[in-house]
Amino acid sequence: MTRFLAYVHEAWDALWRNKARSALTMLGMLIGVAAVNSVYGLTSGLTASVNSGISSSHFPSLTIIPDPQQADPSQAQLQFRDSQILADETGGSLARVVPVYTAFSGGGAPRVYQVRKGSRRVSMYGFSWYGDDPDMDVLVGRGLTGADILSAAAVCMISHDLAVEFFKTDAAALGQYLLVNGSRFRIVGVPDPNKGSASNGYFGGTYYMLLPYTTYRSFQPGPIDGLDVWESPSTTDAEAEVSIRAVFAHTHGAAAKYTITSIRDQLAQQVKIVNVIGVGLTAIGAISLLVAGIGIMNIMLISVTERTREIGIRKSIGASRKDIVLQFIIESTLVSLFGGALGLFLSLGVIGIAAGAMNARTGNVNVPWGSVVLAGLVFSIAVGLVFGTYPAIRASQLDPVEALRS
């Protein structure tokens, strides 16, 4: 251990004697580690976040809409009662079935409504929503609740832009009323457009309102646009789809066609896309890490040439080849480790800033900080060991007599 510490001290002295050269070499490591580690941290965080969404019970398992490409779309029209029929006749494989009224499902005309307050009139989209959504972040007020659903309450949430248009501020909108197609709804909350369910682009346009789906039934009688389905814990997507199609074939006829989309599959596709992008960006970052490693090898070879006589003296007084290899390996690893540590700190800052920005837009990004720090240290040490090995071996193979003559 004493000998090892002595080699560390000597390696530090050697680096300090050539401060400019060492600093430039560390700069290469700084850039390489920062690039690779930043990509690794962000892609890992995004993947973890999407995976948590896949396993979350908050999101519907499946969405169902009539196939707009079928010969007679009217035959496959869904009614409000279909949600209860589907829940009752699938043998308990579905935990919850919710009717959906939205501006964009089913390929039909958007549900657009005129809203007026004083001399101001705007067009807005109307959406139904289910109660007690834990992912619905609000700026002011509250979200729609299960009690609102059960009582078909005449309440609504409105977009931030609509609140500002009519009431100047979000807070001023609370408790006010909107008159839409002769129906009056009390405003109970404003979704946060930068977080949670309202941030993912599901609600189109800048002006929209959300109603409990039971309220929407009386407000807008007629066919619904689709169904959101939550599966029972023991049910797979494939099993649920078979049950759903069997029920619809019985209630709507075999000719009725439906598009059933797995939310899990969509999220899994997002994971694949993130991973592919991460691999590509990591490969680009790895090039800079490779260049940094070559730089370390280059200065170590120069160091061997400059210190040939020193190596000859060491070997002539009894230093073994192993001692020479260890001395130069430690030196290359120190260069790599110091540069990599700086790159690690830089990457932590980049990840923190980027994750904060993504948190504001897409929800929580679960960055595995411990893995990020460990990966940065591993990268740093590995580059020093790999690219310092050849110069160290070359130094150990010098003939002591020839080295002393140099």
Side-chain angles (χ1 to χ4, degrees), residues 58 60 78-81 83-84 96-106 108-228:
H58 303 160
L78 293 169
Q79 303 296 327
F80 191 92
R81 63 179 178 272
S83 61
Q84 191 61 50
R96 186 183 186 191
V97 183
V98 171
V100 174
Y101 299 85
T102 174
F104 309 110
S105 290
R111 296 181 183 273
V112 180
Y113 304 96
Q114 291 292 319
V115 187
R116 177 189 294 177
K117 180 174 172 55
S119 60
R120 296 189 185 90
R121 176 187 293 179
V122 300
S123 298
M124 71 173 183
Y125 290 125
F127 297 86
S128 67
W129 202 240
Y130 51 90
D132 297 323
D133 175 15
D135 296 308
M136 177 62 77
D137 290 277
V138 295
L139 289 174
V140 294
R142 62 171 177 84
L144 302 179
T145 67
D148 295 330
I149 301 297
L150 288 174
S151 63
V155 296
C156 69
M157 301 180 73
I158 63 172
S159 68
H160 163 73
D161 292 313
L162 190 58
V164 172
E165 173 70 25
F166 280 161
F167 306 104
K168 303 301 182 184
T169 67
D170 297 309
L174 292 182
Q176 300 292 331
Y177 288 85
L178 284 185
L179 187 64
V180 186
N181 284 11
S183 298
R184 212 164 71 119
F185 302 103
R186 182 168 57 88
I187 300 168
V188 296
V190 177
D192 189 336
N194 297 318
K195 294 181 181 179
S197 298
S199 70
N200 59 13
Y202 182 84
F203 306 128
T206 56
Y207 298 143
Y208 63 82
M209 73 170 180
L210 308 180
L211 296 177
Y213 66 85
T214 48
T215 306
Y216 218 122
R217 179 187 186 183
S218 57
F219 170 64
Q220 185 74 54
I224 62 176
D225 294 312
L227 294 167
D228 281 343

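Heads up: numbering here begins at 1 and tracks the sequence. FYI, side chains are in, hydrogens and waters are out, and symmetry mates aren't considered; it's all heavy atoms of this structure. Predicted model only: the values in this text are computed from it and were never measured.
The heavy-atom pair separating Ile158 from Ala173 by the smallest distance is CD1-CB, 4.3 Å. The shortest non-hydrogen separation linking Arg111 to Asp225 is NE-OD2, 2.7 Å. Residues Tyr101 and Phe80 approach most closely at OH-CD1, 3.5 Å, considering heavy atoms. The shortest non-hydrogen separation linking His160 to Leu139 is ND1-CD1, 3.9 Å. The shortest heavy-atom contact between Ala154 and Arg184 is CB-O, 3.7 Å. Shortest non-hydrogen contact noted between Val140 and Asp170 is CG2-O, 3.5 Å.
In this structure, the separation between CE on Met124 and CG on Leu178 is 6.0 Å, given to the nearest 0.5 Å. To the nearest 0.5 angstrom, Arg217 atom CZ is 15.0 Å from Leu211 atom CG. Distance check, rounded to the nearest 0.5 Å: CZ of Arg81 to CD1 of Ile224 gives 10.0 Å. Distance CD/Gln114 to CG/Leu179: 12.5 Å, rounded to 0.5 Å. Rounding to the nearest 0.5 Å places CG of Leu210 at 14.5 Å from OH of Tyr125.
Residues Cys156 and Arg186 fail the side-chain proximity criterion, which asks for heavy atoms closer than 4.5 Å. Inter-residue side-chain proximity for Asp228 and Ser83 is flagged as unmet; no heavy-atom pair is nearer than 4.5 Å. Between Val155 and Thr215 the shortest side-chain heavy-atom distance does not fall below 4.5 Å.
Under a 3.5 Å cut-off, the side chain of Thr214 and the backbone N or O of Ile149 do form a donor-acceptor pair. Here the side chain of Ser128 pairs no donor or acceptor atom with the backbone of Val100 at under 3.5 angstrom. A donor-acceptor contact shorter than 3.5 Å links the side chain of Tyr216 to the backbone of Gly126.
Under the side-chain hydrogen bond (donor to acceptor under 3.5 Å, both in side chains) criterion, Arg142 pairs with Asp148, not counting sequence neighbours.
Remark: the Glu165 side chain and the Tyr207 side chain contain an N/O donor-acceptor pair separated by less than 3.5 Å.
Exactly one of Leu144, Leu174, Val138 qualifies for a side-chain contact (heavy atoms from CB on, under 4.5 Å) with Val188. That residue is Leu144.
Applying the ring pair (Phe, Tyr, Trp, His ring centres under 6.0 Å) test to pairs two or more places apart or on separate chains, those with a residue in residues 166-188 are Phe185-Phe219.
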